[in-house]
Amino acid sequence: APVTINVACPIAQINATEDYFYTLADAVGKATGGQTITLLLDAEGAGVVINKDVTIDFGGFTYTFNEGVGNIPSNGFQILKDNTVTLMNGKLQVAESAKDKFYTIIQNYANLTVEDMTLDGTNLDKWSATDGDSYTLSNNSGHVDIYSSTIKANDEGAKAFAFDACKYQSYEAPVVTLWDNDNLVFGR
């Protein structure tokens, strides 16, 4: 009888010269400040807490979240205060099978650059227990610069937002800038 072998492929690499990683969380965990993580193929996996200066170059590929992070594990990326993060050249979305677990693709408290990205909130179905809202990009602090990107909210009703700028507690108020005419925002 044939034998099926399930071989996992590495999905990410740091600085294109270092070790390969089988999860995005492992790559982010191993990266040191200022390094670039490159996605090597379309991949699906858990969300990631980012607490360092890092660039993630998606290389034209899509990363699909299937498990959330955060206090209420419902975020794809939770980017923590006092960091500088760049997300570029790809797409972020939530898996259809996990949509009831997520209400935010990116929860940001840091300085963030989003360049040539699609942030697809179509599958954000779990609305916040406290706010009743879903956010594709939630900005709670830091400076956010968006270039040539598409941000799409879930189109189910009035409480689904493409992005916000809402100061969190004693943190510095967020500033969000859409820098060019190539940005597309669908939803509130």
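Every heavy atom of this structure was used, including side-chain atoms; hydrogens, water molecules and symmetry mates were not.
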Quick one: side chain to side chain contact (heavy atoms under 4.5 Å, CB included) partners of [X], sequence neighbours excluded?
{"X": "L80", "result": "V49, N51, Q78, N83"}
{"X": "S149", "result": "V114, M117, I146, N183"}
{"X": "A173", "result": "K167"}
{"X": "T177", "result": "D145, V175, W179"}

Are [X] and [Y] in one and the same hydrophobic cluster, where Ile, Leu, Val, Met, Phe, Trp and Tyr link if side-chain heavy atoms are under 4.5 Å apart?
{"X": "V54", "Y": "L92", "value": "yes"}
{"X": "V144", "Y": "L178", "value": "yes"}
{"X": "L39", "Y": "Y22", "value": "no"}
{"X": "V48", "Y": "L119", "value": "yes"}

Taking salt bridge (charged side-chain N to carboxylate O under 4.0 Å, His left out) as the cut-off, I'd like each qualifying pair that reaches into residues 86-96, sequence neighbours left out, listed once.
K91-D120, E96-K99

Residue pairs passing the salt bridge (charged side-chain N to carboxylate O under 4.0 Å, His left out) test with at least one member in residues 32-57, sequence neighbours excluded, are none

Do I106 and L87 touch side chain to side chain, with heavy atoms closer than 4.5 Å?
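Counting from C-beta outward, I106 and L87 do come under 4.5 Å.
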
State, with a plain yes or no, whether a side-chain heavy atom of N154 is found less than 4.5 Å away from one of T122.
no

Between V185 and A162, which heavy-atom pair has the shortest distance, and what is it?
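Reported closest heavy-atom pair: CG1-CB, 3.5 Å.
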
Please report the closest heavy-atom contact between F21 and K30, naming both atoms and the distance.
CZ-CG, 3.4 Å

Looking only at atom types and distance, does a side-chain atom of N111 sit under 3.5 Å from a main-chain N or O of H143, one as donor and one as acceptor?
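Such a contact is found between N111 side chain and H143 backbone.
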
So, N66 side chain and A95 main chain: donor-acceptor pair closer than 3.5 Å or not?
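Not a single qualifying donor-acceptor pair exists.
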
[X]: which residues meet the side chain to side chain donor-acceptor pair (under 3.5 Å) condition with it, sequence neighbours left out?
{"X": "N75", "result": "Q107"}
{"X": "T38", "result": "none"}
{"X": "T23", "result": "D26"}

Roughly how far apart are [X] [atom1] and [Y] [atom2], rounded to 0.5 Å?
{"X": "I37", "Y": "Q13", "atom1": "CD1", "atom2": "CD", "result": "11.0 Å"}
{"X": "L124", "Y": "Q93", "atom1": "CG", "atom2": "CD", "result": "10.5 Å"}
{"X": "T32", "Y": "I14", "atom1": "OG1", "atom2": "CD1", "result": "7.5 Å"}
{"X": "S74", "Y": "I105", "atom1": "OG", "atom2": "CD1", "result": "12.0 Å"}
{"X": "S138", "Y": "F163", "atom1": "OG", "atom2": "CZ", "result": "11.5 Å"}
{"X": "F161", "Y": "C166", "atom1": "CZ", "atom2": "SG", "result": "10.5 Å"}

What pairs of residues pass the ring-ring contact (aromatic ring centres under 6.0 Å, His included) test when at least one of them lies in residues 67-100, not counting sequence neighbours?
F65-F77

Restricting to ring pair (Phe, Tyr, Trp, His ring centres under 6.0 Å), what partner residues turn up for Y109, sequence neighbours left out?
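In terms of ring pair (Phe, Tyr, Trp, His ring centres under 6.0 Å), with neighbours along the sequence ignored, Y109 is linked to Y168, Y171.
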
I'd like to check the ring pair (Phe, Tyr, Trp, His ring centres under 6.0 Å) partners of Y20; sequence neighbours left out, ordered by chain and number.
none

Hey, mind stepping through F61 and L40 against side-chain contact (heavy atoms from CB on, under 4.5 Å) and telling me if it holds?
CA-CA 7 Å; F61 295 111; L40 303 172; 5.5 Å; no

Answer with yes or no whether the side chains of S141 and E172 bring together a donor and an acceptor at under 3.5 Å.
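Absent: no donor and acceptor within the cut-off.
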
If you count heavy atoms of other groups shown closer than 6.0 angstrom to CG of N181, is the number above 12?
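Open: at most 12 neighbouring heavy atoms sit under 6.0 Å from CG of N181.
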
Using side-chain contact (heavy atoms from CB on, under 4.5 Å), reason through L137 and V176 one step at a time and then give a plain yes or no.
CA-CA 11 Å; L137 173 58; V176 178; 5.8 Å; no

Give the C-alpha distance, both sets of side-chain angles, the deciding distance and a yes or no for side-chain contact (heavy atoms from CB on, under 4.5 Å) between K152 and T118.
CA-CA 8 Å; K152 182 177 181 184; T118 297; over 6 Å; no

Might you work through the side-chain contact (heavy atoms from CB on, under 4.5 Å) test for I50 and I56, ending with a clear yes or no?
CA-CA 11 Å; I50 300 173; I56 302 176; 4.1 Å; yes

